[in-house]
Amino acid sequence: MDTHSHDFHCINTIRGLSMDAIQRANSGHPGLPMGAAPMAYSLWQNHLKHNPADPSWPNRDRFVLSAGHGSMLLYSLLHLTGYPLTLDDLKTFRQLGSKTPGHPEWYHTEGVEATTGPLGQGCANTVGQAIAGRMMAHRYNRPDHTVVDHYTYALVGDGDLMEGISYEAASLAGHLKLGKLIWLYDSNDISLDGPTSLSFTEDTAKRFLACGWQVLTVNDGDKDLDGLNDALTQAKADTSRPSLIIVKTTIGYGSPSKQGTEACHGAPLGDDEVKKSKEALGLDPNKNFAVPEDVKASMNATERGQAAQKDWEERFQAWKEAYPELAVEWEQAHTLTPPEGFDADLPVYKAGEKVATRKTGGDSLNALAKRIPWLVGGDADLSCSTKTLIGGESDFEGQGGSGRNIRFGVREHAMAAIANGMAYHRGLRPYVATFFSFVDYMRPSIRLAALNKLPVIYVFTHDSIGVGEDGPTHQPVEQILSLRAIPNLTVLRPGCPEEAVEAWKAVMTHTEGPVVLILSRQGLPVLDRAELAPASDLSRGAYVLSEPENHAKALLIATGSELSLAFDAHKTLAEQGIPTRVVSMPSWEWFEAQDKSYRDKVLPPAMTRRVSIEAGRTMGWSRYVGMDGECIGVDTFGQSAPGNVLFPHFGLTTQRVVDTVKSILED
């Protein structure tokens with residue numbers, strides 16, 4: 001008698017639920033859930049430490065389905081192991097308002113550890129989760145008290161490993177020797193268009209070995225449960241390097257006419273094929289969404305999860321009593337609540353100085369990092385330019401977990417997704433940095449951070465044509481507009497050194513989503529705030545920087561380095577008897593979040609003569625300048641020349657602003 005007969009009964013139940021939900025929705029991907037069910041079952045039943053009664057328990061293992069199109073595999077596991085996901089939820093798979101959307105969504109379904117679907121994202125997310133685990137273990141564990149001790153798993157597919165982001169992430173994980181990171185590779189040799197031999201024939205094992213991973217192989221992932229368990233045990237035992245378990249599977253296993261082909265990758269099997277598949281798997285073909293009592297009883301993980309959590313909570317309580325100051329920090333870190341006086345050391349600059357906001361941003365970051373130990377991050381091999389290295393702190397060392405500066409190398413896309421993984425993990429506030437023009441390498445990950453409202457901080461320096469001689473490849477002109485188009489993303493472009501300081505301060509108390517800080521390479525003047533509005537008004541998104549003595553005839557709106565242009569034009573126009581109001585608008589998003597009365601106070605509806613000034617595309621500014629206004633910006637790519645040559649070349653001058661104001665007043 002097969003000693004694993006009950007195990008396969010459970011595995012086939014997972015397959016049956018997946019087939020039924022996809023068929024009912026008439027939409028989905030049955031191939032992966034049917035092929036990967038044995039490896040997922042082996043992990044969840046015998047290795048994964050989790051508590052369905054408390055999905056956010058801090059010391060749980062993390063499991064990420066990077067191949068998110070196979071979401072019904074995860075939903076079936078969540079239901080069967082005791083999470084608050086009912087059969088009715090499975091029956092509404094991919095329907096409006098359902099807890100079972102087409103791809104797993106972290107903020108939407110309890111038990112989902114990361115939003116996946118864009119392939120490769122989950123791979124990089126788990127590297128971030130593993131980094132966070134290592135960092136926090138080093139920070140909080142003590143010889144007599146272990147409060148952070150968990151593994152991070154991902155189920156990845158052929159498509160995941162074709163994506164460049166997965167290789168970036170794997171390369172860094174191997175370099176850092178991130179043990180306790182384990183990827184299960186569903187190697188079924190099929191993608192949506194057909195066999196992977198059409199485009200993917202490299203030796204994956206050798207690639208990961210070259211990256212410093214342990215590589216294990218299970219040649220029969222359809223039936224060899226002992227091999228799967230042995231591989232997982234071996235992977236867990238090696239904490240000196242990450243592990244890849246290559247599991248050879250049959251996509252759509254059990255489907256008589258479609259298994260092993262692309263026909264079952266991205267489309268329902270069809271009613272007749274579902275029935276035939278159930279017969280082949282020993283399931284009742286006339287029953288849908290069937291969960292036998294013995295399967296429900298053996299797979300429910302609540303009791304053992306609660307026992308594991310109770311044991312941890314007892315140890316955690318003893319740790320809290322032994323280290324009360326660390327316990328306070330733990331709570332602050334998990335709620336992202338800055339400690340009292342967190343902003344006490346922020347820098348102050350003298351009026352009249354010229355300082356690049358990348359410099360003032362770096363000074364502010366370092367001042368905050370001294371008082372907020374859970375503020376951590378790094379850059380894409382550019383810390384000397386972005387000024388985002390935390391002084392006095394070492395580089396992150398993946399084996400021991402020490403250090404707060406993460407050296408991501410030139411891996412922008414993985415860097416952003418890894419930061420997302422750190423945010424998913426919780427307990428840290430991650431930031432990442434690079435030149436602004438390279439944001440396009442990071443956009444998919446930034447979009448997912450916004451979708452999930454992850455509190456990641458993105459620092460982008462060299463923000464405009466002011467980059468100068470590096471030329472149009474490095475001069476962002478459309479990037480700020482494209483970021484403003486992303487929902488839930490706050491974009492901040494401080495207009496002077498003191499605004500950059502206030503921006504960092506404001507960001508530390510803004511935890512409802514990601515924030516972008518856009519900073520200058522070139523020096524900007526420190527404004528004399530004695531007769532101007534305080535820079536702290538930046539937190540409202542836009543504010544009146546300077547008001548004329550007499551009623552303003554025109555309104556100037558500016559961001560970033562162009563704020564000084566607007567202010568200089570304001571003074572020149574005043575000398576010519578033309579009073580103007582200057583509005584600093586570092587953040588459209590924060591301004592739009594203000595009530596209408598405040599918005600109308602800053603931009604009075606009756607004041608229709610308006611000019612916007614920003615060294616980027618003018619598209620979008622019409623919402624603020626209206627039909628009677630004008631936009632000054634850069635609507636072409638830049639050129640290679642010194643920055644002080646390019647600004648007048650592209651018409652970003654005080655005189656241009658003055659002439660534009662006069663022109664609209666004459667209309």
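Residues that satisfy the side-chain hydrogen bond (donor to acceptor under 3.5 Å, both in side chains) test with Tyr441, not counting sequence neighbours, are absent from this structure. With sequence neighbours left out, Thr116 forms a side-chain hydrogen bond (donor to acceptor under 3.5 Å, both in side chains) with no residue at all. Thr204 meets the side-chain hydrogen bond (donor to acceptor under 3.5 Å, both in side chains) test with no other residue; sequence neighbours excluded. Partners of Glu273 by side-chain hydrogen bond (donor to acceptor under 3.5 Å, both in side chains), not counting sequence neighbours, listed by chain and number: Ser255, Ser257.
Side-chain polar atoms of Asp193 and Ser191 form no donor-acceptor pair below 3.5 angstrom. For Thr249 and Asp186, the side-chain atoms include at least one donor-acceptor pair closer than 3.5 Å. Under the 3.5 Å distance criterion, with hydrogens and angles disregarded, a donor-acceptor pair is assigned to the side chains of Thr86 and Asp89. Counted by atom type alone, Lys248 and Ser187 present one or more donor-acceptor pairs between their side chains at under 3.5 Å. In this structure, a donor-acceptor pair under 3.5 Å is absent between the side chains of Gln317 and Glu313. Donor-acceptor pairing under 3.5 Å is lacking for the side chains of Asp61 and His47. In the model, Ser298 has no side-chain atom that pairs as donor or acceptor with a side-chain atom of Asn300 under 3.5 Å. A donor-acceptor contact closer than 3.5 angstrom is absent between the side chains of Gln399 and His138. Side-chain N/O atoms of Asp158 and Tyr185 include a donor and acceptor closer than 3.5 Å.
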Take Arg15 and Tyr41, measure what side chain to side chain contact (heavy atoms under 4.5 Å, CB included) needs, and give me the verdict at the end. CA-CA 11 Å; Arg15 288 167 166 154; Tyr41 171 81; over 6 Å; no
Using the rule given for side chain to side chain contact (heavy atoms under 4.5 Å, CB included), can you reason through Tyr458 versus Met442, listing the C-alpha separation, both sets of side-chain angles and the distance that settles it, and then say yes or no? CA-CA 10 Å; Tyr458 306 98; Met442 303 165 61; 4.0 Å; yes
Please determine whether ring pair (Phe, Tyr, Trp, His ring centres under 6.0 Å) holds for the pair His50 and Tyr83, giving the CA-CA distance in whole Å, both sets of side-chain angles, and the decisive distance to 0.1 Å. CA-CA 10 Å; His50 63 119; Tyr83 285 81; 5.7 Å; yes
List the steps and the verdict of salt bridge (Lys or Arg N to Asp or Glu O under 4.0 Å) for Lys278 and Asp20. CA-CA 10 Å; Lys278 287 181 179 180; Asp20 286 339; 2.7 Å; yes
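What you find for Ala173 and Leu181 is that their closest heavy atoms are CB-CD2, 3.9 Å. The two residues Asp160 and Leu155 have their closest heavy-atom pair at OD2-O, 4.4 Å. Taking each heavy atom of His334 and Arg426 in turn, the nearest pair found is O-NH2, 2.5 Å. Between Leu336 and Pro455 the shortest heavy-atom distance is CD1-CG, 3.4 Å.
Between Leu225 and Pro38 the shortest side-chain heavy-atom distance falls below 4.5 Å. You'll find the side chain of Leu178 stays beyond 4.5 Å of the side chain of Thr152, heavy atoms only. Two residues are said to be in side-chain contact when any heavy atoms from C-beta on lie closer than 4.5 Å; Asp149 and Lys180 meet this criterion. Looking at Thr100 and Thr92, their side chains come closer than 4.5 Å, going by heavy atoms from C-beta outward.
Within the structure, ring-ring contact (aromatic ring centres under 6.0 Å, His included) contacts touching residues 218-248 (residues at least two apart or in different chains) do not occur.
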Side-chain donor/acceptor pairs under 3.5 Å, residues 261-272, sequence neighbours excluded:
residue, atom, partner, partner atom, Å
Thr261, OG1, Lys258, O, 2.7
Thr261, OG1, Ala263, N, 3.2
Asp271, OD1, Gln23, NE2, 3.4

